[in-house]
Each structure stands twice: as structure tokens, then as C-alpha cells.
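Below is one structure, written out as C-alpha cells; comments come after it.
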Amino acid sequence: MLRDTECGEPRVSDVSKTITLAGWVNRRRDHGNLIFIDLRDRTGLIQVVFNPKTNEEAHRLAENLRSEWVVQIRGEVVKRLDGAENPDLPTGDVEISASELIVLNPSKTPPFEIRDDIEVDDNTRLTYRYLDLRRPKMYANLELRHRVVKLMRDYLDERGFLEVETPILTKSTPEGARDYLVPSRVHPGQFYALPQSPQQLKQLLMVSGVDRYFQIARCFRDEDLRGDRQPEHTQLDLEMSFVEQEDILKLVEALYIWVTEKAIPGVQLQKPFPRMSYHEAIERFGSDKPDLRYGMELCTLSDLAEDSGFGVFKTVVGGGGTVRAFTAPGCGDYPRKTVDELTEIAKSSGAHGMMFIALSNEAESIDALEPDHIRSVIKSHVELDTIKAMANRAGAKPGDLILMIAGPSGVVNTALSNLRGEMARRLDLIDPNEVSYLFVLDFPLFELDPVSEKWGAMHHMFSSPRPEHVDMIETDPGAVIGQLYDLVCNGIELGSGSIRITDREIQERVFALIGYSREAVEERFGHLLRAFEYGAPPHGGAGLGIDRLLMALTGQNIREVVAFPKTQTAVDPLFEAPSRVEDEQLEELGIVVRETAK
RNA sequence: GGCCCCGUGGUGUAGUGGUCUAACACGCCUCCCUGUCAAGGAGGAGAGCGGCAGUUCAAAUCUGCUCGGGGUCGCCA
């Protein structure tokens with residue numbers, strides 16, 4: 001071993017011990033005849049002092065040290081001089097009086113400083129990811145992730161779950177997301193697909209009698225990237241036989257409470273997890289993944305708006321749209337510029353615009369509002385009494401700002417939900433120590449594609465309808481509620497699950513509604529349906545994103561909680577992937593690349 | 001695929017038609033310095049403003065295209 005102690009370890013109790021450390025030079029402070037360096041490894045920082053009176057040779061060598069050099073240091077742990085302690089460091093009461101210095105490896109000056117409190121362009125960080133990961137914050141993210149996954153494994157192992165690996169090279173099932181394809185050399189012209197999730201495989205494992213399965217599973221989807229989406233992500237995939245929805249919810253809840261409380265000591269958690277229906281979530285928050293750490297719930301003003309006679313409102317509501325709003329407390333004095341910023345957010349969420357009603361805090365109450373107390377474009381079009389009624393319904397008080405969007409309900413909800421999040425950040429309403437889980441239940445099983453006017457599965461086509469809704473599959477598909485649930489954390493959708501269909505007849509009716517021909521079903525799902533003919537146990541489960549959970553727990557984006565992520569254009573700047581390959585490789589695969597551009 | 005923001009020494013920013021062969025902070029280099037820990041002091045090097053094409057007497061600044069990063073709508077069962 002090149003060391004016997006790690007940098008974060010020495011304490012006053014170690015004083016007078018001679019130890020050997022190894023690590024990176026975090027910083028050098030050269031006082032001429034006295035040189036300090038902060039030595040860093042993943043465990044922390046320790047100050048090393050080079051004094052020519054202690055060891056002239058070591059001091060002379062230390063003059064050459066620079067940031068990020070890798071060194072081995074032997075020395076005595078000594079108590080720091082009175083008043084020279086550093087309370088910011090756990091090791092700050094002691095220092096190492098160096099008697100020997102060995103340079104294990106010098107370093108070029110890094111492209112950015114290895115510190116937590118700097119902002120560097122993502123491309124630069126990813127190009128030098130190995131340096132970026134030296135930052136304590138990034139190491140802490142890796143460590144937390146490790147701990148979370150280990151806790152999941154431990155918990156599920158204790159309860160009889162079996163971790164089973166499923167293939168990465170599998171078959172394309174071309175609905176849902178785009179697949180990543182892998183060409184087959186042995187079968188030229190044919191392709192494997194990387195799994196979008198192990199969904200069908202885990203259901204087969206249930207038929208196999210595995211009973212309780214889980215996997216920390218990599219999933220691949222070739223869709224556009226976001227701050228919360230990477231081309232590959234990891235999910236906790238689990239499935240259980242002989243269970244009902246409540247059994248899965250209970251297990252997931254207990255598991256996530258255990259993991260969160262163990263991984264983040266002192267966390268504030270609401271137990272049991274709140275539950276609400278999909279319908280309620282949309283009504284109250286305009287989102288199926290609401291963040292419950294703050295209020296500002298939405299209200300619907302369509303009826304008041306339509307009766308007001310204001311042309312914009314009439315057009316929207318008459319055209320089947322809606323008018324909804326929420327109140328930002330204490331923001332009635334927002335200047336034009338700030339409101340314009342909010343309007344931009346509404347527009348980038350798809351809304352045509354945003355209306356507001358700013359209420360002066362000089363009014364005694366909503367009922368006592370005078371026209372002078374109100375700033376709003378609708379003021380000259382809408383009766384004062386109607387504005388008061390709107391303010392009352394929105395729960396506004398004098399001094400508040402009501403944000404209002406009119407349009408198709410989907411757009412209105414998206415925009416208001418985004419604005420609600422923005423206001424929570426602006427008003428600093430989020431307690432960073434709070435982790436807020438939520439089960440969203442009772443999702444509709446089918447949704448109508450407004451363009452094609454075809455019914456599609458909201459989740460996937462193996463999710464079971466409520467038994468009492470089976471008869472509506474053909475007559476009123478939109479009203480069929482599934483045994484389907486989402487787990488949400490701090491406004492982030494962690495994932496979803498369901499009780500699966502194990503009844504051949506119901507499965508065929510679902511396929512029929514979605515418009516799959518018998519041939520298409522056989523081609524895509526024949527293997528699964530055949531398996532179900534050999535005694536499939538009732539089963540259900542969930543797939544819950546690990547990256548998303550880490551995002552929620554750290555409050556950072558997905559690129560911060562993945563060791564080697566890709567940019568928004570799905571590029572890895574470190575490896576420069578994707579890349580062209582040798583002609584011979586293509587030849588072997590029987591692939592000819594058609595040159596379009598470049 | 002659409003829309004929005006950003007791109008200036010190694011890093012982060014300022015400069016938004018001429019006074020800019022570009023300013024500041026950190027970093028880097030040299031020298032001084034025995035108690036610093038964002039050490040301090042003195043001095044110094046380092047970019048021609050992502051790229052291309054325009055507009056203009058004059059472009060880091062304006063326009064178009066393009067490349068790269070980020071956000072967002074669509075998309076992501």
C-alpha cells in the first residue's frame with residue numbers, strides 16, 4: 001500500500017502518530033520558508049506543512065508542487081498551533097508535518113479548478129469528466145447513488161426478491177419510444193434492439209415462477225434528451241406474483257421510506273405517502289406529477305370568464321377550451337418586466353400568452369376592491385364584480401398576483417404547472433430538506449391521440465383495467481380506469497407500474513381497441529401471449545427511475561447524477577461517441593451507410 | 001421537427017457600431033515572504049471575440065447561415 005491513512009481521517013487523537021498519505025495537491029500556499037498544501041482524496045482534505053527545519057529535502061521538493069499533482073507524503077500528525085485551527089475542515093485541528101515527499105505523478109494544469117463552487121460549461125466538464133468527478137460534490141453524488149442502490153438491493157433481498165439479469169440484446173417492439181438497434185453479424189440485415197425496459201422479460205419471469213423479481217436495469221430510448229432524460233437510464237424494475245395493486249404500493253412505499261431515511265439522515269418525509277387520483281392531480285395542480293412541497297393550487301375560471309363577455313374568454317371557452325389560474329402570494333407589486341418574464345415561460349410552454357390580475361395591498365379586502373387597486377388587461381373588459389369573484393375563487397388576497405391562462409386544457413395545465421414551479425423557486429417556497437413522495441392513482445387506461453384520433457395505451461398495453469371497467473373497453477374507452485399508478489417525488493415522475501393483464505380475452509380486446517391486427521400481435525407479442533397460455537399467475541410491478549430518484553434527492557439535473565452522461569444531442573464528448581466505424585466492420589455487418597450530408 | 005437563451009484569454013464574466021491589437025476576477029508563470037487555509041506582496045504571459053458569408057467608411061457589437069452548449073413544446077407506452 002502506498003498509504004496507511006486517508007486524507008479525511010486524522011484527528012487530534014492521532015497526534016504524534018507517523019502516517020503515510022497519498023492524494024492530489026488541492027492547493028499550495030507557499031510562504032517561502034514554510035509551505036502548506038491541502039492534500040485531497042475522496043475522503044476529504046488535510047493540511048500538510050513543509051518546514052525546512054523538519055526536513056530540508058521534502059521542503060525543497062514541495063516548492064515544485066502544483067495543483068493536481070499526485071503525491072505520497074510521510075509525516076507526523078501534529079496539533080495545530082493555537083488559533084491556527086480550521087473549523088471548516090473535519091481534519092482542521094491537526095496537520096501533517098511532512099518528513100518525506102514522493103511525487104507519484106505530476107499533472108498538467110487542469111482546464112478548470114477542482115472546486116465545488118465553480119460553474120463550467122457542460123461540454124468542457126464532460127470532455128474532462130474524470131476531472132469533474134474529482135469535485136467533492138460529484139463524488140458525493142456517486143456515493144449517494146451507490147448507497148441508494150445498495151439499500152434497495154438489501155431491502156428486496158430481505159423480502160425474498162431475486163435479482164435476475166435480462167438481455168440487453170433483445171427484440172424491437174416498435175411502439176412507444178424509438179429503439180436503439182444493434183446489427184447482427186450472424187444474420188446480416190437483421191437487428192437486435194436494446195430494451196426500452198425489461199417489461200416483457202419480467203412478465204415471463206412471473207410465468208416462470210420466480211414470484212418476486214427485481215433488477216437494477218439499464219433501459220434505452222432513442223428520443224430527444226432533456227435535463228431529466230438520457231438515452232440510457234437505470235431503473236429499479238420489480239415484479240411480484242399473486243398480488244393486488246395495494247400490495248405493490250405498500251411495498252414500494254416501505255422500500256422508498258427505508259431507502260430515503262437511510263440514505264439521507266434527518267430527511268423530512270411525509271408518511272404514509274399521500275395519494276391522489278390522476279384526475280385530482282390535474283384539477284389541483286395541472287400536472288400528473290405535482291410537487292407537493294408548496295401550495296398555489298390551480299382553480300378553474302371558465303364559467304366566470306365565459307359570462308364576462310370578454311372576447312378572448314368567449315372564444316376560448318366557446319371553442320372547448322378552459323380558463324384556469326393560480327395565485328402567487330404577495331406578488332401584486334411585480335413590475336411589468338417581471339410579469340413579462342413569466343409570460344415568456346407561459347409561451348414557451350405552448351400557451352399563446354398569459355393574463356394576470358395584480359391586486360394592490362392598499363385594498364382592505366377582495367370585496368372592497370376598487371378599480372384603482374387592480375392592474376390587469378382584463379380590467380377594462382370585465383365587470384369589477386366578476387374580477388372579485390375570480391379573485392375569491394383563486395384564493396387571492398390584496399397584494400397578490402393572479403396568473404391566468406386561457407386555451408386548450410392541455411396547454412393551460414402545462415403552462416400553469418410550469419409557472420407554479422417557477423413561482424415556487426422565485427418565492428423560495430421549497431424546503432431543501434423535504435422529500436415529498438406521492439402516489440398518483442387511477443390513470444385512464446387509454447388516451448385518444450388528437451391527431452390520428454386513435455386510442456393508445458397511456459402506460460403500456462399489458463396494464464389491466466379495473467375489473468368493473470372491462471365492459472367499457474369498446475363502448476367508452478376514455479372512461480376505463482387502469483390498475484395503474486405513478487410514483488412522484490418532488491414533482492419528478494419516478495416511474496409507474498400496474499397490475500398486468502393475464503386474461504387472454506381482455507388482452508385481445510385491448511389490442512383490438514388499439515388497432516393491432518392479429519398478425520401484428522403475433523409478430524410482436526406472440527412469445528408473451530403463448531407463455532400466458534401455460535398458467536400465468538396474476539402479477540404486477542413497477543419500474544422506477546434511479547437517475548430520477550437521485551435528481552429528486554439532490555435537487556440536481558440528470559447529468560449530475562450519472563457518472564458519464566451525454567449532452568442534449570446524445571454525444572459523449574469524452575469518448576467522442578457516437579463515431580464512424582471502420583469499413584471492415586460495416587462490411588461484416590452487411591451495412592452500407594448512405595451519405596446524406598457531410 | 002418548432003421556439004427561446006448562451007458562445008469573448010485556461011475558467012467565469014464585462015464590453016452591444018469607432019476611444020477595443022479588448023476589461024475584470026480566478027487560474028497560470030517569475031520573484032519576495034515561517035502560520036496560511038479563497039494566504040499575501042511585486043511583476044509578467046496569455047484571447048482578436050465559435051465558424052462562414054454579408055451590411056457598413058468602421059463589426060466582439062448589426063443581419064443571414066452554420067457549429068456547439070443549455071432550456072422548452074412536440075416526442076419520451
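First the proteins, then the strands, lettered A, B, ... as listed; each starts at 1. No hydrogens, no waters, no symmetry mates; every other heavy atom, side chains included, goes into these values.
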Exercise for review: Take atom P in B/U30 and the same atom in B/U36, then report the distance between them in whole Å.
Suggested key: 24 Å
Exercise for review: Assign the ring pair A/Phe511 / A/Phe525 to parallel, tilted or perpendicular, where the plane angle (0 to 90°) is split at 30° and 60°.
Suggested key: parallel
Check your understanding: Given atom CE of A/Met354 and atom P of B/U72, what is their separation to the nearest angstrom?
Key -> 19 Å
Check your understanding: Any donor-acceptor pair under 3.5 Å between the side chain of A/Arg221 and the base of B/C75?
Key -> no
Practice item. Kindly say if A/Arg29 contacts the phosphate of B/A39, meaning a side-chain N or O under 4.0 Å from OP1 or OP2. Key: yes
Check your understanding: Side chains of A/Arg500 and A/Ser464: donor-acceptor distance under 3.5 Å anywhere?
Key -> no
Check your understanding: For residues 82-101 of chain A, which residue pairs qualify under side-chain hydrogen bond (donor to acceptor under 3.5 Å, both in side chains), counting only residues two or more places apart or in two chains?
Key -> A/Gln47-A/Glu95
Practice item. Could you work out the separation of B/G7 and B/C62 based on their P atoms and round it to a whole Å? Key: 10 Å
**Study point:** Rounded distance in Å between the P positions of B/G18 and B/A60
**Key:** 10 Å
**Study point:** Rounded P spacing from B/A47 to B/G41 in Å
**Key:** 26 Å
Check your understanding: Distance between the P atoms of B/G71 and B/G35, in whole angstroms?
Key -> 48 Å
Practice item. Among B/C37, B/C33, B/C75, find the nucleotide with the atom closest to the side chain of A/Asp224. Key: B/C75
Review point. Are OP1 or OP2 of B/G27 and a side-chain N or O of A/Arg66 less than 4.0 angstrom apart?
Key: no
Review point. Looking only at side chains, do A/Tyr485 and A/Asp442 share a donor and an acceptor under 3.5 Å apart?
Key: no
Exercise for review: Could you tell me the separation between the CG atom of A/Asn418 and the C1' atom of B/C4, rounded to a whole number of Å?
Suggested key: 14 Å
Review point. Expressed as a whole number of Å, how far does the C1' atom of B/G51 sit from that of B/A42?
Key: 41 Å
**Study point:** Quiz item: A/Arg229 side-chain donor-acceptor pair to B/C76 base, under 3.5 Å
**Key:** yes
Revision key, fill the gap. Atom CZ of A/Arg548 and atom C1' of B/C76 are separated, to the nearest Å, by 9 Å
Check your understanding: Which nucleotide, B/U36, B/G27, B/G74, lies nearest any side-chain atom of A/Arg27?
Key -> B/G27
Review point. Partner of B/A47 by Watson-Crick or G-U wobble geometry, both contacts under 3.5 Å, or none?
Key: none
Check your understanding: Is there a side-chain contact between A/Gln203 and A/His539 (heavy atoms, below 4.5 Å)?
Key -> yes
Practice item. Check whether any side-chain N or O of A/Arg125 sits under 4.0 Å from OP1 or OP2 of B/G69, and answer yes or no. Key: no
Check your understanding: What integer number of Å spans the C1' atoms of B/G10 and B/C49?
Key -> 16 Å
Practice item. Answer yes or no: side-chain N or O of A/Glu223 and base N or O of B/G74 forming a donor-acceptor pair under 3.5 Å. Key: no
Review point. Where the side chain of A/Thr567 is defined as all heavy atoms beyond and including C-beta, which of B/C75, B/U36, B/G69 is the nearest nucleotide?
Key: B/G69
Practice item. Report the distance from atom CD of A/Glu119 to atom P of B/C5, rounded to the nearest whole Å. Key: 20 Å
Exercise for review: Spell out yes or no: do the side chain of A/Arg115 and the base of B/U11 have one donor N/O and one acceptor N/O closer than 3.5 Å?
Suggested key: no
Check your understanding: Would you say B/G71 has OP1 or OP2 under 4.0 Å from some side-chain N or O of A/Gln568?
Key -> yes
Point to revise | Proximity to the side chain of A/Pro111 - top-ranked nucleotide from B/C33, B/C37, B/G10 | key: B/G10
Check your understanding: Does any nucleotide pair with B/G40 by Watson-Crick or G-U wobble geometry, both distances under 3.5 Å, and what is it?
Key -> B/C32
Review point. Between A/Ile35 (CD1) and B/U34 (C1'), how many Å, whole number?
Key: 11 Å
Review point. For A/His31 and B/G35, are the ring centres under 5.5 Å apart with planes inclined under 30°?
Key: no
Exercise for review: Figure out the CD/P separation between A/Glu344 and B/U72, and round it to whole Å.
Suggested key: 15 Å
Review point. What is the distance from CG of A/Asn123 to C1' of B/G10, rounded to the nearest Å?
Key: 15 Å
Review point. Of A/Gly32 and A/Phe112, whose nearest nucleotide on RNA chain B comes first from the 5' end?
Key: A/Phe112
Review point. Would you say a side-chain N or O of A/Thr124 is under 4.0 Å from OP1 or OP2 of B/G69?
Key: no
Exercise for review: Ignoring the backbone of A/Val120, work out which of B/U11, B/C75, B/G35 is nearest its side chain.
Suggested key: B/U11
Check your understanding: Which value, in whole Å, describes the distance between the P atoms of nucleotides B/G17 and B/G74?
Key -> 38 Å
Point to revise | A/Asn33 side-chain N/O to B/U34 phosphate OP1/OP2 under 4.0 Å | key: yes
Review point. So, is A/Arg559 close to the B/G71 phosphate, meaning a side-chain N or O under 4.0 Å from OP1 or OP2?
Key: yes
Exercise for review: Report yes if a donor N or O on one partner sits less than 3.5 Å from an acceptor N or O on the other, where the partners are the side chain of A/Asp121 and the base of B/G7; otherwise report no.
Suggested key: no
Check your understanding: Judged by atom type as modelled, is there a donor-acceptor pair below 3.5 Å linking the side chain of A/Asp179 to the main-chain atoms of A/Leu181?
Key -> no
Review point. Under 4.0 Å between a side-chain N or O of A/Arg226 and OP1 or OP2 of B/C76?
Key: no
Check your understanding: Between A/Ser348 and B/C73, is there a side-chain N or O to OP1/OP2 distance below 4.0 Å?
Key -> no
Check your understanding: Between A/Pro110 and A/Asn86, which has a closest nucleotide on RNA chain B that is more 5'?
Key -> A/Pro110
Check your understanding: ring-ring contact (aromatic ring centres under 6.0 Å, His included) with A/His31: which residues, sequence neighbours excluded?
Key -> A/Phe36
Point to revise | A/Asn557 CG to B/G69 C1', straight-line distance once rounded to whole Å | key: 13 Å
Exercise for review: May I ask you to check whether A/Phe443 and A/Tyr278 place their ring centres under 6.0 Å from each other?
Suggested key: yes
